[in-house]
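One structure is given here, and the rest of the page talks about it.
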Amino acid sequence: MDWGMENRISRIIKPDTNRTVMLAVDHGYFLGPTSGLEDPAKTIEPILPYADSLMLTRGVLRTSVAPKSDIPIVLRVSGGTSIVGKSLANENITVSMEDAIKLNVSAVALSIFVGSDYEKETLTSLSRLVDAGEKYGIPVLAVTAVGKEMARDVRYLGLCCRIAAELGAHIVKTYYCDNFNRIVKNCPVPIVIAGGKKIEEKKALELAYNAVNEGAIGVDMGRNIFQSDCPQGMIKAVREIVHNKLSVKAAFDLYKSEKK
Ligand code: 5RP
């Protein structure tokens, strides 16, 4: 791996713990002004100091994050679908590598839809993105999106993660599931977990705790942070679990004390 690629990856996966807390606010690329992201700048500002990196679209980056910010950026570069369209799986690449480089990102992110009608398109898009990333030393995060008809189980998510790694993704984002450690064992690149739909804060902390304990290098969490009734408390608690191996109970107590 070249120096630049390694340097960018180490901006995301912190060398002192080999872990990461990635704050995901890219949801608007297909959901529009989803709750908690109506005003991205207002949502991001108070929680940004506790994130290791920020996953977002170029539109939100340009309008809602100060250029003087030193937060490493993971740029969402796939899209072309919407919640009211025919299929969320029919994504393409929506940002050129040149523009990503101009935006000084630390990585680019693209979703793959294994098992959907657009499996081949999204997997070959991943390959093209990896080719462009390798040319310029820009790491690629593959997001294993789960089609409606798919079960988020170890077989399916394990298949998606391994395919993403085989095609050259440098980091894979998937979901936590039973026997998650098997996915980690069978995937030769680091894995982060998405939080998924908003659930109770304590359950979301358990998710993060179990995932890192079973080999994930961290989280790429969005809704369970910015839709929480105390986003700052939540990201601080997640951070303590991911980087300082805090217990769920202690992390939940931290969240509750912040909420007060
Ligand atoms: C949305 C995404 C998000 O980046 C990913 O799902 C993480 O966010 P959340 O924790 O809210 O699931 O890919 O399409």
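Counting convention: from 1, in listed order, for ligands and their atoms alike.
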Below 3.5 Å only, please: the N or O atoms of ligand 1 paired with protein N or O atoms, distance on each line.
from     : atom 1 : to     : atom 2 : distance (Å)
ligand 1 : 4 (O)  : Asp26  : OD1    : 2.6
ligand 1 : 4 (O)  : Asp26  : OD2    : 3.3
ligand 1 : 4 (O)  : Lys173 : NZ     : 2.6
ligand 1 : 8 (O)  : His27  : NE2    : 3.1
ligand 1 : 10 (O) : Gly195 : N      : 2.9
ligand 1 : 10 (O) : Gly196 : N      : 3.4
ligand 1 : 10 (O) : Gly222 : N      : 2.8
ligand 1 : 11 (O) : His27  : NE2    : 2.7
ligand 1 : 11 (O) : Arg223 : N      : 2.8
ligand 1 : 11 (O) : Arg223 : NE     : 2.7
ligand 1 : 12 (O) : Gly196 : N      : 2.9
ligand 1 : 12 (O) : Arg223 : NH2    : 2.7
ligand 1 : 13 (O) : Arg76  : NH2    : 2.9
ligand 1 : 13 (O) : Lys173 : NZ     : 3.3

- request: Sorted by first residue and then second, give each side-chain hydrogen bond (donor to acceptor under 3.5 Å, both in side chains) pair with at least one member in residues 35-48; sequence neighbours left out.
  value: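 Found Ser35-Gln227.
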query: Does Thr124 reach the main-chain N or O of Glu121 with its side chain, forming a donor-acceptor pair under 3.5 Å?
result: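 At least one qualifying donor-acceptor pair exists.
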- prompt: Taking Asn90 for the side chain and Tyr118 for the main chain, is one N or O donor matched with an acceptor at less than 3.5 Å?
  reply: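 Side chain of Asn90 to backbone of Tyr118: no pair is present.
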query: Taking only residues two or more places apart in sequence, or in another chain, which ones meet Lys236 in a salt bridge (charged side-chain N to carboxylate O under 4.0 Å, His left out)?
result: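 Salt bridge (charged side-chain N to carboxylate O under 4.0 Å, His left out) list for Lys236, sorted by chain: Glu258.
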query: Excluding sequence neighbours, so at least two apart, what forms salt bridge (charged side-chain N to carboxylate O under 4.0 Å, His left out) with Asp229?
result: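 For Asp229, the residues satisfying salt bridge (charged side-chain N to carboxylate O under 4.0 Å, His left out) (neighbours in sequence not counted) are Lys259.
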Residues Ser78 and Arg76: side-chain donor-acceptor under 3.5 angstrom: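 Checked: Ser78/Arg76 side chains pair up, N/O donor to acceptor below 3.5 Å.
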